Amino acid sequence: MFNTIKKYFLAWRYKRAVRKAKELASIFGMKYYVISINGTLKVVPKQTIKELVKRKRFRKGVTVDDIEKHALFVTT
């Protein structure tokens, strides 16, 4: 029972994040990613990811393409 409720809750959060990413992409014309960070779903623009990679926020050797491959959803 608990696992079923947990699945529905996670699916609802995923749908909400995807909807937000699509809305922001249509408004601003930028590419947005839905990424799981510390157990929560974050909607992040590609521009911000580029800045964080330049500032060495991620491990050495991580590129924007790596993050895009692991993203749960990518707007076009």
Side-chain angles (χ1 to χ4, degrees):
M1 178 80 175
F2 178 74
N3 289 335
T4 306
I5 293 170
K6 187 175 179 181
K7 285 180 187 178
Y8 281 116
F9 182 67
L10 293 176
W12 176 73
R13 284 184 19 203
Y14 176 76
K15 287 181 196 175
R16 187 175 63 173
V18 168
R19 189 178 325 124
K20 183 178 178 182
K22 286 182 178 179
E23 287 176 5
L24 291 172
S26 67
I27 292 171
F28 296 111
M30 293 170 40
K31 199 171 200 178
Y32 279 83
Y33 301 142
V34 175
I35 301 173
S36 178
I37 299 176
N38 296 330
T40 61
L41 298 178
K42 301 286 184 184
V43 178
V44 184
K46 185 175 182 179
Q47 183 178 2
T48 303
I49 295 292
K50 284 182 180 179
E51 290 175 8
L52 291 174
V53 168
K54 282 182 185 177
R55 293 183 189 169
K56 310 290 185 196
R57 175 66 172 82
F58 298 101
R59 284 184 308 186
K60 186 176 181 180
V62 174
T63 63
V64 177
D65 292 332
D66 295 335
I67 295 169
E68 185 172 351
K69 287 177 189 174
H70 292 294
L72 300 174
F73 181 79
V74 179
T75 61
T76 54

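The structure displayed is predicted, hence computed values, not measured ones.
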Should [X] and [Y] be counted in the same cluster of Ile, Leu, Val, Met, Phe, Trp and Tyr side chains packed under 4.5 Å apart?
| X | Y | result |
| --- | --- | --- |
| L24 | V34 | yes |
| I35 | V64 | yes |
| V43 | L72 | yes |
| I49 | I37 | yes |
| Y14 | Y8 | no |

Quick one: closest heavy-atom pair of T75 and A21, and the distance? CG2-O, 3.6 Å
Would you mind listing every side chain to side chain donor-acceptor pair (under 3.5 Å) that reaches into residues 53-64, with sequence neighbours excluded? T63-D66
Which residue pairs satisfy the side chain to side chain donor-acceptor pair (under 3.5 Å) criterion with at least one member in residues 29-51, sequence neighbours excluded? K31-E68, Y33-E68
Pairwise salt bridge (charged side-chain N to carboxylate O under 4.0 Å, His left out) hits with a residue in residues 8-24, at least two apart: none
When L52, V62, V74 are each screened for side-chain contact (heavy atoms from CB on, under 4.5 Å) with I67, the one that passes is V62
